[in-house]
A.B. asks: 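Take a look at the following structure, please.
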Amino acid sequence: MQSPGNQMISVEKIGGTSMSAFGDVLRHIMLYDSARIYGRIFVVSAYSGVTNQLLEHKKTGQPGIYALFADGADYHAALDGLAVSLKQLNAGFAELGLPLDVADAFVDERIGEVKKYLDAMHHVLASGYIRREDVLLAAREVLASIGESHSAFNSVEMLKAKGIKAILLDLAGFHDDEAWTIDERIHNSFKGLDIAGNVIVATGYTKGTEGIMREFDRGYSEVTFSKIAVEVRPAEAVIHKEFHLSSADPNIVGLENAVVVGATNYDVADQLADVGMEAIHPKAAKPMELAGIPIRLKNTFEPEHPGTLITKDYVGERARVEMVTGSDKVTLVEIHDPSMVGTVGFDLGIMEIFCRHGISYILKATNANSIAHVLWESSVTPALVAELEARYEVVTVKPSAIVCAIGSNISIPGVLARAAQALADAQVNVNCVSQTLRQVNMQFIIERSDYKNAIIALNHTLCVSPGVPVPRA
């Protein structure tokens with residue numbers, strides 16, 4: 001049974017795109033309800049694009065300052081350039097009451113501290129006494145923390161300028177030498193804190209001995225959000241994004257055809273994360289699921305809308321597909337080998353190869369003499385393919401797309417047939433298909449060129465207008 005939680009306290013995560021529109025955050029989130037300003041903990045991401053500049057672009061992989069440090073290049077000049085960018089961001093918030101002299105001084109101080117940390121790490125690298133990988137991971141930690149510390153500091157200053165009692169909880173730990181784990185730092189930081197009488201703004205980055213980047217990489221801000229929620233036990237945790245959790249990507253199907261989900265469960269959230277459409281990072285969701293804390297996903301720009309509530313036990317009252325999603329950045333790797341027939345443990349060899357290359361697959365389908373796996377295209381390297389080809393008779397590598405029809409209650413006759421018919425009517429051929437006994441996710445592997453048409457067809461048939469012919473894209 002779910003715990004009712006602390007009704008007086010909320011824990012809320014604000015993403016980078018929303019943070020960049022901080023005027024809207026103030027109006028639509030922090031100050032929207034004058035009767036409910038205090039007793040709220042906001043876990044904030046860096047402003048949009050800042051972490052890409054620090055580490056690497058999340059989608060394209062374009063190197064950032066971290067790569068300069070790793071390559072022994074001029075990271076000082078890059079950090080100076082970053083400081084200029086952060087001050088330009090500051091200037092954009094002046095009309096919201098941000099005191100630019102104070103905010104710019106914070107940037108200069110923090111960038112100066114980071115330079116000292118990285119210089120020390122550079123000397124350690126040169127000594128050869130410590131493993132290079134460990135030093136580089138530490139450098140990622142230090143760099144990652146800058147963006148969240150900057151946005152959290154600014155948020156508190158702007159709240160104070162409006163007469164709001166606000167406290168900065170900078171979990172980056174720049175000014176202490178405590179060897180705390182992430183959980184210990186969060187627990188100790190909240191000791192004696194007057195949450196009910198203040199607005200608390202916490203950094204999405206948390207320093208810990210285990211390394212939040214090592215453990216969770218770019219999902220770290222949601223992990224901090226999750227751990228804070230588990231620490232203070234609110235009635236529900238809220239994630240504010242620039243969009244609703246909808247039946248399909250509105251950029252593909254059109255805003256008028258994107259149906260707000262409204263309610264779903266953690267199982268469905270896991271399915272979304274597996275194909276890259278994260279409602280919340282799966283490693284962040286699990287502790288809250290176990291603690292019985294529901295997550296509410298809200299649209300920053302529609303504060304009056306209740307959004308979508310994710311709970312542990314929700315099952316839709318009627319059978320329906322709640323979401324259609326997928327990716328056109330996957331690759332189908334099929335192994336055909338006659339010796340597979342009747343061989344015990346044949347696929348163990350494939351798994352061992354995947355493990356050596358650090359690969360987790362999205363989908364697996366098999367018959368008597370063939371096994372197909374769907375992998376992220378970025379993980380299908382020449383070295384992987386060469387090792388598979390050296391061991392198995394026929395290895396086929398095919399750039400593909402995956403589309404999924406997901407729901408908390410779709411285990412009824414006819415749903416799979418309707419999905420397949422919708423794809424056939426849209427002239428989309430299915431190259432591979434998978435569904436487990438739990439029947440929460442039907443997965444179809446198709447040609448990449450058919451991806452958008454497939455999303456439109458499935459969304460229209462299963463979510464928007466069942467029984468109505470699909471309009472051609």
Side-chain angles (χ1 to χ4, degrees), residues 12-22 25 42-69 75-76 78-93 98 100 102-118 137-158 168-175 182 185 201-208 211-225 228 239-242 281 284 300:
E12 305 177 43
K13 166 76 170 60
I14 305 177
T17 303
S18 294
M19 286 297 294
S20 294
F22 196 72
V25 169
F42 295 102
V43 182
V44 300
S45 293
Y47 298 120
S48 180
V50 171
T51 308
N52 288 341
Q53 193 174 346
L54 287 162
L55 301 177
E56 62 280 318
H57 196 286
K58 192 172 184 179
K59 292 183 178 178
T60 67
Q62 180 180 349
I65 296 173
Y66 168 74
L68 295 174
F69 175 80
Y75 56 87
H76 270 239
L79 284 167
D80 290 338
L82 174 70
V84 172
S85 297
L86 298 184
K87 290 177 183 178
Q88 287 174 343
L89 286 170
N90 289 351
F93 298 124
L98 180 66
L100 294 184
V102 175
D104 289 353
F106 176 83
V107 169
D108 288 334
E109 178 185 355
R110 187 53 57 94
I111 294 296
E113 291 171 330
V114 168
K115 284 180 180 177
K116 290 177 183 177
Y117 270 120
L118 294 183
L137 277 169
R140 279 183 74 81
E141 297 274 340
V142 170
L143 287 167
S145 71
I146 298 173
E148 274 80 11
S149 292
H150 173 235
S151 64
F153 180 89
N154 284 1
S155 299
V156 168
E157 292 299 316
M158 285 184 272
L168 171 64
L169 203 64
D170 192 342
L171 298 169
F174 257 75
H175 301 126
I182 295 167
R185 179 169 298 280
V201 182
T203 55
Y205 174 87
T206 305
K207 175 183 172 185
I212 200 166
M213 292 291 294
R214 178 187 289 111
E215 190 76 15
F216 306 106
D217 201 55
R218 293 290 286 269
Y220 62 83
S221 63
E222 289 188 350
V223 171
T224 294
F225 161 72
I228 289 176
I239 298 177
H240 299 278
K241 292 185 180 259
E242 65 277 13
H281 192 287
T300 298

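Quick note: numbers below take in every heavy atom, side chains included, and nothing from hydrogens, waters or symmetry partners.
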A.B. asks: Is a donor on one side and an acceptor on the other found under 3.5 Å between the side chain of R185 and the backbone of G208?
C.D. replies: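 No, R185 side chain to G208 backbone: no donor-acceptor pair under 3.5 Å.
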A.B. asks: So, do V114 and L79 sit near enough that their side-chain heavy atoms are less than 4.5 Å apart?
C.D. replies: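 SC-SC contact between V114 and L79 confirmed.
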A.B. asks: Backbone N or O of L100 within a donor-acceptor pair of the N90 side chain at under 3.5 Å?
C.D. replies: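 Here the side-chain-to-backbone pair does not exist.
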A.B. asks: Do S155 and F42 have side-chain heavy atoms sitting under 4.5 Å apart?
C.D. replies: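 No - every pair of side-chain heavy atoms lies 4.5 Å or more apart.
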A.B. asks: Should S145 and K207 be marked as a side-chain contact (heavy atoms from CB on, under 4.5 Å) after you check the CA-CA gap, both sets of side-chain angles, and the distance that decides it?
C.D. replies: CA-CA 8 Å; S145 71; K207 175 183 172 185; over 6 Å; no
A.B. asks: With no hydrogens and no angle check, is any side-chain donor or acceptor of T60 less than 3.5 Å from a backbone partner on H57?
C.D. replies: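 The answer is no, because no donor-acceptor pair under 3.5 Å joins these two groups.
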A.B. asks: Among all residues two or more places apart in sequence or in another chain, which pass the side chain to side chain donor-acceptor pair (under 3.5 Å) test with E12?
C.D. replies: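 In terms of side chain to side chain donor-acceptor pair (under 3.5 Å), with neighbours along the sequence ignored, E12 is linked to S10, R40, H240.
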A.B. asks: Kindly determine whether I239 and F225 satisfy side-chain contact (heavy atoms from CB on, under 4.5 Å), including the steps that lead there.
C.D. replies: CA-CA 9 Å; I239 298 177; F225 161 72; 3.6 Å; yes
A.B. asks: Just how far is it from atom CD of E141 to atom CZ of R214, taken to the nearest 0.5 Å?
C.D. replies: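 These two atoms lie 6.5 Å from each other.
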A.B. asks: Any idea which heavy atoms bring A139 and L118 closest together, and the distance?
C.D. replies: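 Reported closest heavy-atom pair: CB-CD2, 3.9 Å.
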A.B. asks: Identify the heavy atoms of A78 and L68 that sit nearest to each other, and give their distance.
C.D. replies: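 Looks like CB-CD1, 3.4 Å.
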A.B. asks: Taking the side chain from S149 and the backbone from I146, do they hold a donor-acceptor pair closer than 3.5 Å?
C.D. replies: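 Side chain of S149 to backbone of I146, a donor-acceptor pair under 3.5 Å: no, none is there.
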A.B. asks: List the steps, then state whether side-chain contact (heavy atoms from CB on, under 4.5 Å) holds for T203 with V44.
C.D. replies: CA-CA 6 Å; T203 55; V44 300; 5.8 Å; no
A.B. asks: Would you kindly say whether S48 and S20 are connected by a side-chain donor-acceptor distance under 3.5 Å?
C.D. replies: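 No, no side-chain donor-acceptor contact under 3.5 Å.
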A.B. asks: A46 and T51: which non-hydrogen atoms are nearest, and at how many Å?
C.D. replies: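 Taking every non-hydrogen atom into account, CB-OG1, 3.6 Å.
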A.B. asks: Sub-3.5 Å donor-acceptor pair from the side chain of K13 to the main-chain atoms of E222, do we have one?
C.D. replies: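 No, the answer is negative, given that no donor and acceptor are paired below the 3.5 Å cut-off.
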A.B. asks: Taking it one step at a time, do K58 and N52 satisfy side-chain contact (heavy atoms from CB on, under 4.5 Å)?
C.D. replies: CA-CA 6 Å; K58 192 172 184 179; N52 288 341; 3.7 Å; yes
A.B. asks: So how far is it from H150 NE2 to Y47 OH, rounded to the nearest 0.5 Å?
C.D. replies: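 Interatomic distance, H150 NE2 to Y47 OH, rounded to 0.5 Å: 5.5 Å.
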A.B. asks: Of the non-hydrogen atoms in A144 and M213, which two are nearest, and what is the gap between them?
C.D. replies: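 Result for this residue pair: CB-SD, 3.9 Å.
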A.B. asks: Tell me, do R140 and L55 make a side-chain contact under 4.5 Å, heavy atoms counted?
C.D. replies: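 Yes, close enough: below the 4.5 Å cut-off.
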A.B. asks: Should the pair D170-R110 be classified as a salt bridge under the 4.0 Å nitrogen-to-oxygen rule?
C.D. replies: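 A salt bridge is present here (some side-chain N lies under 4.0 Å from a carboxylate O).
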A.B. asks: Where do M19 and F93 come nearest, in terms of heavy atoms and distance?
C.D. replies: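 Taking M19 first and F93 second, the nearest heavy atoms are O-CZ, 4.1 Å.
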A.B. asks: For F69, check ring pair (Phe, Tyr, Trp, His ring centres under 6.0 Å) against everything at least two apart and list the hits.
C.D. replies: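 F69 satisfies ring pair (Phe, Tyr, Trp, His ring centres under 6.0 Å) with Y75 only.
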A.B. asks: F153 vs F106 aromatic rings, parallel, tilted or perpendicular, using cut-offs 30° and 60°?
C.D. replies: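 F153 and F106: parallel rings.
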A.B. asks: Measure the spacing between CD of E148 and CG of L54 and express it to the nearest 0.5 Å.
C.D. replies: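 Separation between the atoms: 9.0 Å.
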A.B. asks: So which of D104, D80, D108 actually passes salt bridge (Lys or Arg N to Asp or Glu O under 4.0 Å) with K87?
C.D. replies: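 When D104, D80, D108 are each tested with K87, the salt bridge (Lys or Arg N to Asp or Glu O under 4.0 Å) holds only for D108.
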A.B. asks: Which residue is it: L143, V223, I212, T224? I am looking for the one with a side chain to side chain contact (heavy atoms under 4.5 Å, CB included) to Y205.
C.D. replies: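 The side chain to side chain contact (heavy atoms under 4.5 Å, CB included) with Y205 is passed solely by I212 among L143, V223, I212, T224.
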A.B. asks: Measure from the side-chain N and O atoms of T17 to the backbone N and O of E242, and report whether any donor-acceptor pair falls under 3.5 Å.
C.D. replies: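 The answer is no, because no donor-acceptor pair under 3.5 Å joins these two groups.
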A.B. asks: Shortest non-hydrogen contact from S18 to V25?
C.D. replies: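 Looks like O-CG2, 3.2 Å.
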A.B. asks: Measuring from atom CD of E157 to atom CG of L98, what distance do you get when rounded to the nearest 0.5 angstrom?
C.D. replies: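 One finds 7.0 Å between CD of E157 and CG of L98.
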